[in-house]
Each structure stands twice: as C-alpha cells, then as structure tokens.
Colleague: 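Structure in structure tokens, see below.
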Amino acid sequence: MSSARLEVIERYCKGCSICVEFCPKNVLEMDVFLVKVARPEDCIKCMQCELLCPDFAIKVHDA
Amino acid sequence: MAYDYDKSIRPGKLPHIWCPGCGHGIVMKGLIRAMDTCGLDRKNTAIVSGIGCASRLPGYLDACTLHTAHGRAAAFATGVKMAKPEMTVICCGGDGDGTAIGGNHFIHACRRNIDMTYVIMNNFIYGMTGGQFSPCTPTGAKASTTPYGNPDPVFDISKLAIGAGATFVARTTAAHPREIDKLITMGIKHKGMAIIEVLDDCPTTYGRRNKFRSVVDMMKHLKANAVPAVAASKMTAEQLAGKFLTGVLFQEERPEYTAQYAEVIKKAQGA
C-alpha cells in the first residue's frame, strides 16, 4: 500500500483529540493543545481522522 | 484522496465558532459531501436555519443561505419552497430551535409533506444560550436550569416527525460520519419532507455537567449506544434500554405539497 501524507492545518485545530482517540493505528498524538502526526508510516488511510475532525483541520493525502 | 471541502465553504470563514469537539462540524462535513453527491447547484440550493449553535451552519456554506428568526427555519423554508418549487431546500437547526421554539412550524411542515430536507442536530441542550434544558434533554440529566436533574420526559424527534406526517425519517449520530452523508443524500433525493436527526455532542454545556469527562467520552457514548434499526427488531426491550435506533426509521410515498398546490393554482385560474 502506498504511504499517506497527513496534513494538519494548525490554524483550524482546536485540540479536541477526537482524531487521536479514533485513529485505529495510533498515528496521531497530542502535542499540548494541537495534534501532531507522530507515526505517518503506520497510516492505513481509513480516513477516520478526516471524517471525524469537526474543525476541517486534518487531511489525508496520498504521498 | 483528501476530500475538498474548501470549494463549498465561503472563503475566510474557517475556523468556525463551534467549541473544540462540537459535532456540528462533523455534520457540516456530511452535509457538504451529501450536497456534492446529489450534484446540487449552489445557486439553486437554499439552506435555511433559525438561531442557535447548529443554526450557524449555513453561514459557512457557499450556497443561497438564510439565517432566520428563532425556531422559524421550517416556516421560512416553506416560504422559499412555495415561491420557488424548483429549488432544493435544506433546513438546519438544533433540537431547541426545531422542537421547542419552532415545534409548531416543525410539525406543520411535516404534516404538509413539503419537499425539503431538515437536518436536525440534537445535542440534548440549548448550547448557545448557556445550557438550559431543552425538550430533548434526557430525564435526570443536569443542565444549567435543572441543577438537580431534569424531571421532564423527553421528545423523541424521529417519532414526533413520523407522527406529524413526515415521509422520510432517519436518525444517526455524529460518531457515524459516513452514515450522515448517506442519509442526507437519501433525504435530499426523497420527494417530500425528510427529517434527518443527528445525535450530537455538546461537551461545553451538556458533557461537563453530566459526567462525560471529555469530548471523546461523549463520542464513544454515541457510538456504543447506537443500534441499527434493522438489528433492533431482533433485540428484546431490555437489550434496547438506553439505546437509540439509527438508520432509516420510516419511509413512505405521499403527494408532495408544492405539486398539490400547483393543482390548486391551475383550478383557480380556470384551466
């Protein structure tokens, strides 16, 4: 499977941590108040983070 | 790969005003995807809302939008549809706006079976005005005006809509994003009144008073207690206690109001 590139728009992110909790592969981490992409190589592109982000702040791109 | 929401949002409007973790943003994304799936022309789509957190939604969308008086979304939307029956009309609002203050407009729009889609975001509380209890606040839950627990029984919005005569009624939750756009798409395509109830989370005014420690707790609660209507038929009443049914709950075909009214116009003009 081709790898993914995750884009976090920091200006939009409010740090609700929904994406961190619902990621099945534990790709994301909280960095104090914002989301940080910690392990992008584990991403399986299930799109849960993008679908569940209420703030339009995370996007999953094909690498 | 990433979905392009930006083309449907008015430039410069993001970030939105909703609190961190508020499910309204998830519903807005679902609505955008549904509108794209239906191929709606934004010049021919009216999105109408009343007052409240959920009613801020049309302000962000690039379409013909109308932000109206509290609870009167269905009334204004009926007006738009009557004047321009060729338009696609979508209503947005919260539970307080739709079923308390606008309760009458809501049931009568259902009764007429006018062709519109009402996306009603049920977050169990009046969020914007400071967390007062709404008709959808669960019995026993705490709100700013019920500090000892809410004594009132709850409105079941979907059952209310079915009883009032809506011809497409569906329910989902903010924790089921794919189902949101699937049901809204079905609602838009349905000829007649479509009610899509989306159970939502309000961490700021509901969650923190009701022992949900975080947004994630609320989302997990919604996810864990949703039972597809198809599966529920095989479950006992005990198993269903405290759960809510999701999916399409009711669907029927009945004459649509603007078509009926066109007949009246024809008769009146002596054709």
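The figures that follow rest on heavy atoms only: side chains count, while hydrogens, waters and symmetry mates do not. Computed from a predicted model, the values in this text were never measured in an experiment. Letters go in sequence order (proteins before strands), and every chain restarts at 1.
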Colleague: So with a 6.0 Å cut-off around NZ of B:Lys211, is the heavy-atom count from everything else above 12?
Modeller: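 Incorrect, the count does not exceed 12.
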Colleague: Between B:Val216 and A:Ser17, does the side-chain contact (heavy atoms from CB on, under 4.5 Å) criterion hold? Intermediate values first, please.
Modeller: CA-CA 7 Å; B:Val216 176; A:Ser17 80; 3.7 Å; yes
Colleague: To the nearest 0.5 Å, what is the distance between CD1 on B:Ile26 and CG on A:Asp55?
Modeller: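 Separation between the atoms: 9.0 Å.
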Colleague: Can you tell me how far CZ of A:Phe56 sits from CD1 of B:Ile32, rounded to the nearest 0.5 angstrom?
Modeller: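 If I round to the nearest 0.5 Å, the distance is 4.5 Å.
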Colleague: Flag the pair A:Arg11 / B:Leu14 as yes when at least one side-chain heavy-atom distance between them is below 4.5 Å, and no otherwise.
Modeller: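 SC-SC contact between A:Arg11 and B:Leu14 ruled out.
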Colleague: For B:Trp18, does its backbone N or O pair with a side-chain atom of A:Lys14 as donor and acceptor, under 3.5 Å?
Modeller: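 Here the side-chain-to-backbone pair exists.
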Colleague: Give a yes or no answer on whether the side chain of A:Glu50 reaches the backbone of B:Ala2 with a donor-acceptor pair at less than 3.5 Å.
Modeller: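 Between the backbone of B:Ala2 and the side chain of A:Glu50 there is no qualifying donor-acceptor contact (under 3.5 Å).
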Colleague: Check whether any side-chain N or O of B:His24 sits under 3.5 Å from a backbone N or O of A:Pro54 as a donor-acceptor pair, and report yes or no.
Modeller: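 Not confirmed, B:His24 side chain does not pair with A:Pro54 backbone.
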Colleague: Which residue out of B:Met219, B:His16, B:Lys220 racks up the most heavy-atom pairs below 4.5 Å with chain A?
Modeller: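 Maximum pair count with chain A is reached by B:His16.
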Colleague: So, taking the atom named NZ in A:Lys59 and the one named CG in B:Asp4, what distance separates them when rounded to the nearest 0.5 Å?
Modeller: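 Rounded to the nearest 0.5 Å, the NZ-CG separation comes out at 6.5 Å.
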Colleague: When you measure from the side chain of B:Lys29 to the backbone N and O of A:Cys53, does any donor-acceptor pair fall under 3.5 Å?
Modeller: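 Yes, the answer is positive, given that a donor and an acceptor are paired below the 3.5 Å cut-off.
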Colleague: Quick check: do A:Leu51 and B:Arg33 have side-chain heavy atoms less than 4.5 Å from each other?
Modeller: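 A side-chain contact exists here, since the closest heavy-atom pair is under 4.5 Å.
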Colleague: So which atom in A:Cys16 and which in B:Gly21 form the shortest heavy-atom distance, rounded to 0.1 Å?
Modeller: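 What the structure gives for the nearest pair is CB-N, 3.3 Å.
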Colleague: Flag the pair B:Arg178 / A:Met47 as yes when at least one side-chain heavy-atom distance between them is below 4.5 Å, and no otherwise.
Modeller: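 Yes. Closest side-chain heavy atoms under 4.5 Å.
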Colleague: Quick check on B:Asp6 against chain A: is it the side chain, the backbone, both or neither that has a heavy atom closer than 4.5 Å?
Modeller: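 Side chain only.
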Colleague: Report which part of B:Ile180 has an atom under 4.5 Å of a heavy atom belonging to chain A: side chain, backbone, both, or neither.
Modeller: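 Looking at B:Ile180, nothing touches chain A.
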